[in-house]
Protein chains: 2
Amino acid sequence: MKLKELAEQLGLSQTTVSRALNGYPEVNKATRERVSQAAQKYGYSANANARRLAIGRIGAIGILMPRDRSERFGPHTSEFFSGLAEQLSQHEMDLLMSPSINNDELAAYRRLISSKRVDGIIITGPTLMDERVAMLTEAKFPFVLHGRTNIAAPHAWLDIDNAGAFRQAASHLIDLGHRHIAMIDGLKGHTFSEHREMGYREALVERGIAVDPRFIVHERFSDETGFHEAQRLLSYTPHPTAILAGSMMTALGIFRAIRSKGYELGKEVSVIAHDDVFPYLNASNMVPAMTTTRSSIRSAGSRIAELLVRVLDGEPVENIHEIWPVELILRQSSGPPVAPRR
Amino acid sequence: MKLKELAEQLGLSQTTVSRALNGYPEVNKATRERVSQAAQKYGYSANANARRLAIGRIGAIGILMPRDRSERFGPHTSEFFSGLAEQLSQHEMDLLMSPSINNDELAAYRRLISSKRVDGIIITGPTLMDERVAMLTEAKFPFVLHGRTNIAAPHAWLDIDNAGAFRQAASHLIDLGHRHIAMIDGLKGHTFSEHREMGYREALVERGIAVDPRFIVHERFSDETGFHEAQRLLSYTPHPTAILAGSMMTALGIFRAIRSKGYELGKEVSVIAHDDVFPYLNASNMVPAMTTTRSSIRSAGSRIAELLVRVLDGEPVENIHEIWPVELILRQSSGPPVAPRR
DNA sequence: CTGTTAGCGCTTTCAA
DNA sequence: TTGAAAGCGCTAACAG
């Protein structure tokens, strides 16, 4: 069923029908009612492409799927997407996921823009000098960044306080009496990773604790690297009595390493993990319950969609910056260091 | 830059330029070359909406995002999407994720179809009499189902052998000497859940072991339910000496419950979990390594995209059915039952 | 309040 | 091998 046919059925012009359906004010109430009824009855809904072609707005925002096994696509992704969807449904917008072709991400972004398939773009997992941000800013294409960069040109972003999260966690451990603290975080280069390391370093330096470079690990997020790296760390003498984990998955591996070394978690070795909040993996429910730096990535997704809508509505991007504080949730996986029983 | 402008630059007609760019054979080789160069130079790429409007094909497939916290959106999602993307990039197709509005999923599907935003749809997590399948079949809209239903009308689907997976796992446990075997799987109603229970029951019945309804648990997939349900199961006398877990997350919780009851995993209590294969959570790397029924959901995603492309190319849907066998990978979390030390 | 008339940017006959 | 012209289905000025 197309507009023309619907209009003929009703004995009205396409224009009037279109106006009635799109909520224009000048339509007679009775007419509008009649039109709605008919549209309902015939299951009419405008051809999105024709509509878009005519109005020039797309009604979709884009996100590029990395082709390789990037950290940008992990267990947090579904939560982030859920958050986006929640918000986008309010605006009747879709989310277009475009696979990047031939591993050339920038080209994929350019194509996405020039082919006019989306109104705006969401970028995640930036590096400090992210070239996607540079390119999109230059191209003046609307986007919101999840994370931050060091790029000066104004652009919209929302980030969590990663430095603060790790600074707070490390400080807390130092308060508890720990002096050998390690961190196992995500790959180097990513802003969040760099910021977390900064926060960690600040906390140590502030309290006059020397930074041991062997204790700073940057690796892919997985239980496996958590396990192996923690095993390595615990084999040093002295070994760390506390470990900061960049993700819940990493933490799971670290837990195993601690147990397999015969240490008790939360006593001989403490762990604090960053928690994106997954409905299927609950820190408070672990044994012992896990101390975390918590920040809902679902909420971030939802908010970012909202911000992008504001950008699309013309709000200047220099006004759109948000840093979300991260909560330190104290539970049982962290405590004062206890000397190993021998 | 639009086609018209590009054509003017080149002193050619839109027609010729269009043909050159779309690989029509009748274009002079030199002309085609010149056009490609220019397109490259100006970063021209066709307005997708205009193009779609003209040719009637969209170049995108759709997937509906459940609005509520459905099991359809979990840690496996990112892997499934990666698989889809991998394949779709071969065909230069996008993936459109449409949020369902007002919790009315069927309406959202109808809107997605009638507004012509996608060429085909992928459905996941069906129930036995899934109404989405019924509706799309009726509407003759191309789709591929990940999973199966009991609906007779022909439609394309790919499923893994869930019954076989649990039958195999349960049989193996019986072979090892277990007589009290429980299962903690996903919510009732979903086909995969029903099939797994069927397989489990078959294995028990075949060997003359009575089915204890208390030992069959259907719950949301999460470490938390795994933990609580396993604790409950282990408090019975006699308690199960083996547990089948429907997901890795569930298994994590079960592991904790076993440890917190003071049992040794793989000895006093065995666990076999279904593993979708996550890069960030590795069964073989656990301690003890986890016995699993393994099937890569990423591969399934990739294949499903391929199948959908075939459906779009007009292949009859009655030819498009695949059941993938599930591998039982023996590791250390399952072994002969060992009487608890007291 | 409703209708007529041009487009939106591309593809595709049909003619040359 | 190339071009002119007619749509694809909708919206938006402009009239009435």
Side-chain angles (χ1 to χ4, degrees), chain A residues 1-39 42-60 92-94 111-119, chain B residues 1-39 42-60 92-94 111-119:
Chain A
M1 168 72 76
K2 48 177 85 167
L3 185 60
K4 191 175 171 188
E5 293 162 11
L6 184 61
E8 277 165 5
Q9 284 290 331
L10 287 159
L12 288 167
S13 73
Q14 293 188 40
T15 315
T16 302
V17 177
S18 166
R19 280 197 279 238
L21 258 22
N22 290 308
Y24 280 53
E26 63 263 41
V27 184
N28 184 318
K29 199 163 180 187
T31 311
R32 185 193 303 283
E33 187 58 28
R34 207 157 61 87
V35 172
S36 305
Q37 300 275 328
Y42 296 110
Y44 170 83
S45 125
N47 178 313
N49 298 299
R51 177 158 216 280
R52 288 162 173 183
L53 184 58
I55 65 179
R57 248 229 192 186
I58 317 295
E92 300 212 24
M93 294 183 95
D94 294 320
R111 233 177 52 98
L112 193 57
I113 295 175
S114 64
S115 65
K116 297 224 162 48
R117 279 172 298 171
V118 295
D119 294 315
Chain B
M1 166 74 76
K2 48 176 83 167
L3 185 60
K4 191 174 170 188
E5 293 162 10
L6 184 62
E8 278 165 5
Q9 285 290 331
L10 286 158
L12 289 167
S13 73
Q14 293 188 39
T15 315
T16 303
V17 176
S18 167
R19 282 199 277 239
L21 257 21
N22 289 308
Y24 280 54
E26 65 264 40
V27 183
N28 184 318
K29 198 162 178 187
T31 311
R32 185 193 304 282
E33 188 57 29
R34 208 157 60 88
V35 171
S36 306
Q37 301 276 326
Y42 296 111
Y44 170 81
S45 124
N47 178 313
N49 299 298
R51 179 158 213 281
R52 290 162 174 184
L53 184 57
I55 66 178
R57 247 226 191 189
I58 317 296
E92 302 214 21
M93 293 183 96
D94 294 320
R111 233 176 52 98
L112 194 56
I113 295 174
S114 64
S115 65
K116 297 226 166 42
R117 278 172 300 172
V118 295
D119 294 315

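Bear in mind the structure is a predicted one, so any value in this text is a computation, not a measurement. Excluded from the calculations below are hydrogen atoms, water molecules and symmetry mates; all remaining heavy atoms, backbone and side chain alike, are included. So that the names make sense, note that chain A is the first sequence line, chain B the second, and so on, each numbered from 1.
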Engineer: Run the side-chain donor-acceptor check on residues 7-14 of chain B: report pairs under 3.5 Å with partners two or more places apart or on a different chain.
Structural biologist:
residue, atom, partner, partner atom, Å
B/Gln9, OE1, B/Tyr42, OH, 3.1
B/Ser13, OG, B/Thr15, N, 3.4
B/Ser13, OG, B/Thr16, N, 3.1
B/Ser13, OG, B/Thr16, OG1, 3.2

Engineer: Between P on D/dC10 and NZ on A/Lys2, what's the gap in Å once rounded to a whole number?
Structural biologist: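 Answer to the nearest Å: 8 Å.
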Engineer: In this structure, how many angstroms lie between the C1' atom of D/dG9 and the CD1 atom of A/Ile55, rounded?
Structural biologist: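 Answer to the nearest Å: 13 Å.
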Engineer: Please check this pair: side chain of B/Asn22 against backbone of B/Tyr24, looking for a donor-acceptor N/O pair closer than 3.5 Å.
Structural biologist: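 Here the side-chain-to-backbone pair does not exist.
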Engineer: Please figure out whether B/Val27 or A/Asn49 has its closest DNA chain D nucleotide nearer the 5' end.
Structural biologist: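 The residue mapped nearer the 5' terminus is B/Val27.
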Engineer: What residues form a salt bridge (charged side-chain N to carboxylate O under 4.0 Å, His left out) with B/Glu92, not counting sequence neighbours?
Structural biologist: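 So B/Glu92 forms a salt bridge (charged side-chain N to carboxylate O under 4.0 Å, His left out) with A/Arg111.
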Engineer: In whole angstrom, give the distance that lies between atom NZ of B/Lys116 and atom P of D/dC10.
Structural biologist: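 About 8 Å, once rounded to whole Å.
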Engineer: Using a cut-off of 4.0 Å on non-hydrogen atoms, how would the nucleic acid contact of B/Leu3 be classed: base, sugar-phosphate, or nothing?
Structural biologist: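 Base contact.
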Engineer: Rounded to the nearest 0.5 Å, what separates atom CG in A/Asn49 from atom CD1 in A/Ile58?
Structural biologist: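 Answer for the CG-CD1 pair, A/Asn49 versus A/Ile58, is 9.0 Å.
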Engineer: At a heavy-atom distance below 4.0 Å, what parts of residues 12-23 of chain A sit against DNA chain C?
Structural biologist: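 The stretch gives A/Leu12, A/Ser13, A/Thr15, A/Thr16, A/Arg19 as the residues lying under 4.0 Å from the strand, ordered by number.
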Engineer: How many whole angstroms separate atom CG of B/Asn47 from atom C1' of C/dT11?
Structural biologist: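 Roughly 13 Å, once rounded to whole Å.
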Engineer: Using atom CE of B/Met1 as one end and atom C1' of C/dG9 as the other, report the distance to the nearest whole Å.
Structural biologist: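 Interatomic distance, CE of B/Met1 to C1' of C/dG9: 14 Å.
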Engineer: Scan for salt bridge (charged side-chain N to carboxylate O under 4.0 Å, His left out) pairs involving residues 44-55 of chain B, sequence neighbours excluded, and state none if there are none.
Structural biologist: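 Checked against salt bridge (charged side-chain N to carboxylate O under 4.0 Å, His left out) - neighbours excluded - no pair reaches residues 44-55 of chain B.
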Engineer: Going by the salt bridge (charged side-chain N to carboxylate O under 4.0 Å, His left out) test, which pairs reach into residues 20-34 of chain B, not counting sequence neighbours?
Structural biologist: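 Sorted pair list: B/Arg19-B/Glu26.
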Engineer: I want to confirm an ordering. Mapping B/Glu26 and A/Ala50 to their closest nucleotides on DNA chain D, which one lands closer to the 5' end?
Structural biologist: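 Per heavy-atom nearest nucleotide, the more 5' residue is B/Glu26.
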Engineer: Does a side-chain N or O of A/Tyr44 approach OP1 or OP2 of D/dG9 to a distance below 4.0 Å, or not?
Structural biologist: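 Negative; the distance criterion is not met.
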Engineer: Run the side-chain contact (heavy atoms from CB on, under 4.5 Å) check on A/Val17 and A/Tyr44 step by step: do they pass?
Structural biologist: CA-CA 11 Å; A/Val17 177; A/Tyr44 170 83; 5.8 Å; no
Engineer: To the nearest 0.5 Å, what is the distance between CG on A/Leu112 and NZ on A/Lys116?
Structural biologist: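 So the CG of A/Leu112 and the NZ of A/Lys116 are separated by 12.0 Å.
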Engineer: Would you tell me if any nitrogen or oxygen in the side chain of A/Tyr24 comes within less than 4.0 Å of OP1 or OP2 on C/dT2?
Structural biologist: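 It does not, given that no N or O in the side chain of A/Tyr24 lies less than 4.0 Å from OP1 or OP2 of C/dT2.
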Engineer: Distance check needed: D/dG7 C1' versus B/Arg51 CZ, whole Å only.
Structural biologist: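 Checked: the CZ to C1' distance equals 16 Å.
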Engineer: Distance check needed: D/dG9 C1' versus A/Lys4 NZ, whole Å only.
Structural biologist: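 Interatomic distance, NZ of A/Lys4 to C1' of D/dG9: 10 Å.
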Engineer: Calculate the interatomic distance between A/Lys29 atom NZ and C/dT2 atom C1'; express it in whole Å.
Structural biologist: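 Rounding to the nearest Å, NZ of A/Lys29 and C1' of C/dT2 are 19 Å apart.
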Engineer: Quantified as the angle between the terminal helix axes (five pairs each), what is the overall bend of the helix from C/dC1-D/dG16 to C/dA16-D/dT1 to 10 degrees?
Structural biologist: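 About 30° separates the two local helix axes.
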Engineer: To the nearest 0.5 Å, what is the distance between OG (A/Ser45) and CE (A/Met1)?
Structural biologist: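 That separation rounds to 11.5 Å.
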